[in-house]
Amino acid sequence: MAQLLVVEDNPDILHLIWTQMRARGHQVLGASTGPEALAAVELWGPPQVAVLDVAMPAMDGLELLQQLRATTGMQELPAIFLSARVDRQTVEAAHRLGAAYLAKPFMEEILYAAIEAALTRGYEGLWTAIEAANHRSPSP
């Protein structure tokens, strides 16, 4: 069981991810803004993986990840971005930060595979796990 930080400004999506990942045995810290996430981490301690939306009010997910990693002891925090914004510039910015990038709508199995890969094999293992999950999942 790992501690996950999930930051999503859409309450329905936040609840969905929270429910899915709790059902799989993880502890989930949920937040709807960057400042709220920073406060939660200060209170509850560092997560093992961050699942972040990109487009949020007050602070975008890219900036949030940079701030989380600047916190003592979190320089190597694995991160997975979930976003409906799938433009080259944003995806490349996420990859420069060493984060995975999944488009919304997302499949639970792929998100779970990415989280497990981040926990066990780090960033390089994310892509292998995502590819494997894509091949197991039925096409729409």
Side-chain angles (χ1 to χ4, degrees):
M1 175 165 64
Q3 181 164 295
L4 310 177
L5 172 65
V6 178
V7 187
E8 168 62 60
D9 64 337
N10 180 314
D12 294 332
I13 295 173
L14 177 60
H15 180 73
L16 176 67
I17 297 169
W18 186 88
T19 302
Q20 290 172 341
M21 294 305 117
R22 297 257 318 161
R24 290 181 180 257
H26 295 297
Q27 293 179 336
V28 182
L29 297 175
S32 56
T33 67
E36 187 180 301
L38 293 170
V41 168
E42 187 174 320
L43 182 63
W44 297 103
Q48 291 169 277
V49 177
V51 178
L52 310 171
D53 189 7
V54 173
M56 296 184 293
M59 177 188 305
D60 72 25
L62 299 166
E63 182 182 347
L64 173 59
L65 179 57
Q66 290 171 327
Q67 287 197 26
L68 286 167
R69 286 183 173 167
T71 303
T72 303
M74 294 178 49
Q75 294 82 6
E76 300 297 321
L77 176 66
I80 301 160
F81 285 104
L82 283 176
S83 184
R85 181 189 297 174
V86 188
D87 61 85
R88 178 179 292 240
Q89 182 180 2
T90 305
V91 173
E92 287 176 353
H95 289 173
R96 281 192 301 276
L97 290 171
Y101 202 97
L102 301 176
K104 291 179 189 172
F106 64 94
M107 295 176 66
E108 177 186 354
E109 187 64 33
I110 294 173
L111 175 58
Y112 182 71
I115 290 169
E116 291 303 307
L119 289 168
T120 60
R121 299 185 300 277
Y123 177 70
E124 290 302 319
L126 283 173
W127 299 113
T128 304
I130 290 168
E131 281 300 311
N134 276 330
H135 292 333
R136 284 192 308 270
S137 300
S139 298

Between M74 and L68, the two heavy atoms sitting closest are CB-O, 3.3 Å

Criterion side chain to side chain contact (heavy atoms under 4.5 Å, CB included) against L82, the qualifying member of D53, I17, V54, L52: I17

Side chains of L5 and W44, heavy atoms from C-beta outward: is any pair under 4.5 Å? no

Apply side chain to side chain contact (heavy atoms under 4.5 Å, CB included) to residues L97 and R69 and explain how you reach the verdict. CA-CA 10 Å; L97 290 171; R69 286 183 173 167; 3.9 Å; yes

Within the structure provided, determine whether E36 and M56 are in side-chain contact (heavy-atom separation under 4.5 Å). no

Check the pair L29, Q3 against side chain to side chain contact (heavy atoms under 4.5 Å, CB included), reporting the backbone distance first and the verdict last. CA-CA 7 Å; L29 297 175; Q3 181 164 295; 3.4 Å; yes

Which class fits the ring pair Y101 and H95: parallel under 30°, tilted 30 to 60°, perpendicular over 60°? perpendicular

Exceeds 12 heavy-atom contacts within 6.0 angstrom, atom CD of Q75: yes

For the CG atom of L38 and the CD atom of Q67, what is their distance to the nearest 0.5 Å? 5.5 Å

Using the rule given for side chain to side chain contact (heavy atoms under 4.5 Å, CB included), can you reason through L111 versus M21, listing the C-alpha separation, both sets of side-chain angles and the distance that settles it, and then say yes or no? CA-CA 9 Å; L111 175 58; M21 294 305 117; 4.3 Å; yes

In terms of hydrophobic clusters joined by side-chain contacts under 4.5 Å, are L43 and V7 together? yes

Option from L65, L102, V51 for which side chain to side chain contact (heavy atoms under 4.5 Å, CB included) with F81 holds: L65

Steps toward side chain to side chain donor-acceptor pair (under 3.5 Å) verdict (H26, Q20): CA-CA 9 Å; H26 295 297; Q20 290 172 341; over 6 Å; no

Do you know which two heavy atoms are closest between P47 and V41, and how far apart they sit? CD-CG2, 4.0 Å

Sub-3.5 Å donor-acceptor pair from the side chain of E63 to the main-chain atoms of M59, do we have one? no

Has the side chain of T19 got a donor or acceptor atom that lies under 3.5 Å from a matching backbone atom of H15? yes

E108 vs R24, salt bridge (Lys or Arg N to Asp or Glu O under 4.0 Å): CA-CA, chis, key distance, verdict: CA-CA 11 Å; E108 177 186 354; R24 290 181 180 257; 3.0 Å; yes

So CD1 of I80 and CG of L4: to nearest 0.5 Å the spacing works out to 8.5 Å

Please report the shortest heavy-atom distance between P57 and D9, naming the atom on each side. CD-OD2, 3.5 Å

Which atom of A31 lies closest to which atom of L14, heavy atoms considered: O-CD2, 3.8 Å

